[in-house]
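Here's the structure, in structure tokens; my notes come after.
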Protein chains: 2
Amino acid sequence: MAKIETLTRPQLETAYEKLKEAIEKRKTVLLIGTCHVDYRGRASSKLESGERIAIVKEDGALLVHRPKGYEPVNWMPGGNTKFHIGIEKIENGNKILILKAVRSKPTESVAVYFETIELLVVSELVDSGKFSLYASEHDMQKAILMEPSILEEGFKPISFEKKVEPGFVDVYGIDSEGRLVVVEIKRRTAGREAVLQLAKYIDSIKQKVSREIRGILVAPRLAKGTQRLLDTLGLDFKALDPKKCAEILSKPKVRGLEEFL
Amino acid sequence: MAKIETLTRPQLETAYEKLKEAIEKRKTVLLIGTCHVDYRGRASSKLESGERIAIVKEDGALLVHRPKGYEPVNWMPGGNTKFHIGIEKIENGNKILILKAVRSKPTESVAVYFETIELLVVSELVDSGKFSLYASEHDMQKAILMEPSILEEGFKPISFEKKVEPGFVDVYGIDSEGRLVVVEIKRRTAGREAVLQLAKYIDSIKQKVSREIRGILVAPRLAKGTQRLLDTLGLDFKALDPKKCAEILSKPKVRGLEEFL
DNA sequence: GAGTGGATTTCGCAT
DNA sequence: ATGCGAAGTCCACTC
């Protein structure tokens with residue numbers, strides 16, 4: 001069971017002591033209070049005073065959350081973050097608790113200035129639960145390699161993530177007629193960008209090989225104007241649902257390729 | 001001052017009541033406890049049991065944070081999220097508190113299953129503080145438009161964010177010799193991708209205009225192999241620091257263009 | 001250490 | 001609503 005310590009409306013000095021100790025001991029801290037925030041580094045930002053939630057995690061990650069939105073308004077990724085905690089007097093004689101996170105690559109810092117603290121929670125969370133994600137682009141690639149017929153009948157993969165000049169070809173193979181096939185995979189609706197990427201690969205390969213080359217764009221669906229562009233460039237499209245791919249991977253029927261992946 | 005209500009190790013039933021009411025009233029809720037999480041939608045994920053922090057924001061955003069890392073392990077962006085809260089009995093006779101967030105575009109859901117709750121905090125945060133970010137790519141663009149000489153002497157901008165076939169040209173102008181100039185701006189180290197993007201714009205414009213066209217890539221610095229690619233394609237590079245651009249914008253000297261931006 | 005591309009990317013803006 | 005590209009993107013992986 002998590003050990004949790006809770007302080008409601010602590011004095012800033014009390015909060016300072018607790019915060020300092022908790023961060024030194026790499027505990028997880030949660031703060032709710034009125035603060036303003038400055039960020040300096042790759043860019044700079046200024047957040048004026050308001051009530052927010054701040055979290056300092058075990059690994060030194062810092063998050064400042066406003067009461068709306070998925071993203072933190074200010075943050076610092078964990079890993080190489082150093083913290084400086086202090087109390088300062090401001091103009092009106094009031095005190096302010098400063099929580100500053102600094103890292104050096106890239107050089108940047110987030111300083112949170114707490115005017116008041118409504119709640120401070122220090123906890124030691126135990127979390128070794130496994131996280132698994134299914135139906136990523138990588139899953140789609142694996143599915144095509146394990147069961148090439150989902151791309152088209154007779155397709156035989158040769159290699160994958162092959163380096164060609166402009167980048168990496170997702171899958172590379174031969175179709176039933178013996179033509180070279182370059183496959184570009186997108187896990188979401190494919191737009192112009194995906195098509196141009198595929199075209200670029202093909203163009204680059206054409207300059208080296210004199211064989212006929214086909215390009216197939218694989219994605220759950222095409223963005224609106226995209227079919228026309230595909231036609232213009234003479235490329236094919238194959239609709240493929242990432243979830244279907246995840247299903248294919250979940251029932252292991254083709255065993256041979258597994259160590260290959 | 002934020003109104004805050006705190007429950008330490010509440011019964012699941014008590015937590016259920018509080019949670020239901022808080023979410024109905026669009027308050028911000030913070031939960032610490034042992035849970036497992038399922039996500040289904042664009043992809044699927046499964047997170048096994050462990051101690052985590054869950055936050056439900058006013059706008060319906062849901063975040064589940066592990067004790068490490070900048071990113072939430074599971075989440076749902078706010079806006080059109082609907083919540084379903086319930087208590088269920090599981091095999092061993094124990095109960096479980098279910099917090100499920102659902103949205104329909106895209107169709108997906110996150111279900112958090114709390115086995116125990118260490119802490120539940122309900123608060124109404126008041127936050128109207130203004131957030132300002134400086135030195136974005138947009139700031140760089142504005143700086144070039146307001147003070148074109150930072151790009152090069154004699155440069156005269158014609159338009160910006162101009163649509164050409166593959167996308168949008170950041171800035172478009174004429175140099176001191178009267179040649180057309182296409183400017184591609186990156187706020188970070190520019191790599192091959194940025195160069196290819198610029199090349200594509202120029203290529204597309206060349207097919208329409210018969211004038212000589214120059215391309216200038218603007219970024220704080222170039223990635224390693226990138227200079228060679230620029231040379232090959234006959235493009236120029238101009239080092240420009242986003243922060244310097246932000247400074248230029250902060251001291252308003254050229255007034256004429258302002259309403260233009 | 002830098003480069004490269006994916007992400008349940010999210011977000012915002014323009015069409 | 002859809003498309004499109006930026007982001008303090010972060011992150012994992014390769015060279």
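Just so we're on the same page: letters track the sequence lines, and every chain starts at 1. Heavy-atom basis, side chains included; hydrogens, waters and symmetry copies ignored.
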Between [atom2] on [N] and [atom1] on [X], what's the gap in Å once rounded to a whole number?
| X | N | atom1 | atom2 | result |
| --- | --- | --- | --- | --- |
| B:Arg188 | D:dA6 | CZ | P | 10 Å |
| A:Gln141 | C:dG6 | CD | P | 10 Å |
| A:His138 | C:dA7 | NE2 | P | 10 Å |
| A:Met140 | C:dT8 | CE | P | 13 Å |
| A:Glu137 | C:dG6 | CD | P | 5 Å |
| A:Glu184 | C:dG6 | CD | P | 7 Å |
| B:Tyr201 | D:dC4 | OH | P | 12 Å |
| A:Glu71 | C:dT8 | CD | P | 15 Å |

With rounding to the closest Å, how many angstrom separate the [atom1] atoms on [N] and [M]?
| N | M | atom1 | answer |
| --- | --- | --- | --- |
| C:dC11 | C:dA7 | C1' | 14 Å |
| D:dC4 | D:dG8 | P | 23 Å |
| D:dC10 | D:dA6 | C1' | 14 Å |
| C:dT8 | C:dT4 | P | 23 Å |

How would you label the contact of B:Arg187 with the nucleic acid (heavy atoms, under 4.0 Å): base, sugar-phosphate, or nothing?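 Sugar-phosphate, backbone atoms only, no base.
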Just to be sure I understand the rule, does A:Phe131 reach a base, reach only the sugar-phosphate, or reach nothing, if contact means heavy atoms closer than 4.0 Å?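 Result for A:Phe131 = base.
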Relative to the ring of A:Tyr70, is the ring of B:Trp75 parallel (under 30°), tilted (30 to 60°) or perpendicular (over 60°)?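 Plane angle between 30° and 60°, so tilted.
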Does the side chain of [X] get closer than 4.0 angstrom to OP1 or OP2 of [N] through an N or O atom?
| X | N | result |
| --- | --- | --- |
| A:Lys186 | C:dG6 | yes |
| B:Gln197 | D:dA6 | yes |
| B:Arg103 | C:dT8 | no |
| A:Trp75 | D:dC10 | yes |

Regarding [X] and [Y], does a basic nitrogen lie under 4.0 Å from an acidic carboxylate oxygen?
| X | Y | value |
| --- | --- | --- |
| B:Arg42 | B:Glu108 | yes |
| B:Lys186 | B:Glu184 | yes |
| A:Lys46 | A:Asp38 | no |

Considering all heavy atoms of both residues, which atom of A:Asp139 and which atom of A:Cys245 are nearest to each other, and what is their separation?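 Closest pair (atom of A:Asp139, atom of A:Cys245, distance): O-CB, 4.0 Å.
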Contacts under 3.5 Å, N or O only, protein and nucleotides 13-15 of chain D:
none

Just how far is it from atom [atom1] of [X] to atom [atom2] of [Y], taken to the nearest 0.5 Å?
| X | Y | atom1 | atom2 | value |
| --- | --- | --- | --- | --- |
| B:His65 | A:Lys57 | NE2 | NZ | 5.0 Å |
| B:Glu58 | B:Asp127 | CD | CG | 8.5 Å |
| B:Arg192 | B:Leu230 | CZ | CG | 12.0 Å |
| B:Lys142 | B:Met146 | NZ | CE | 8.5 Å |

Expected output is a numbered-order residue list: members of residues 26-64 of chain A with a heavy atom under 4.0 Å from any atom of DNA chain C. What is it?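 DNA chain C contact set from residues 26-64 of chain A: none.
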Please check: side-chain N/O of B:Thr107 versus main-chain N/O of B:Arg103, any donor-acceptor pairing under 3.5 Å?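 No.
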State whether the side chain of B:Asp231 and the backbone N or O of B:Leu233 hold a donor-acceptor pair below 3.5 Å, judged by distance alone.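 No; judged by distance alone, with no hydrogens or angles, the pair does not exist.
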Tabulate atom names and distances for all N/O pairs under 3.5 angstrom spanning the protein and nucleotides 1-3 of chain C.
{"from": "C:dG3", "atom 1": "OP1", "to": "B:Lys224", "atom 2": "N", "distance (Å)": "2.4"}

Side-chain contact, heavy-atom cut-off 4.5 Å: B:Leu31 with B:Phe114?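 Yes, at least one pair of side-chain atoms sits under 4.5 Å.
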For the side-chain contact (heavy atoms from CB on, under 4.5 Å) test, which of B:Asp236, B:Leu235, B:Val183, B:Val195 pairs with B:Leu217?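 Among B:Asp236, B:Leu235, B:Val183, B:Val195, the one meeting side-chain contact (heavy atoms from CB on, under 4.5 Å) with B:Leu217 is B:Val195.
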What's the closest nucleotide to the side chain of B:Glu193 if the choices are D:dC11, D:dG8, C:dG5?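 Of D:dC11, D:dG8, C:dG5, C:dG5 is nearest to the side chain of B:Glu193.
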Hey, which sits more toward the 5' end of DNA chain D by its nearest nucleotide, A:Asn74 or A:Gly78?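 By nearest-heavy-atom nucleotide position, the 5'-most residue is A:Asn74.
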Assign each of A:Ala135 and B:Gly191 to its nearest nucleotide of DNA chain C by heavy atoms, then name whichever residue's nucleotide is nearer the 5' end.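 Per heavy-atom nearest nucleotide, the more 5' residue is B:Gly191.
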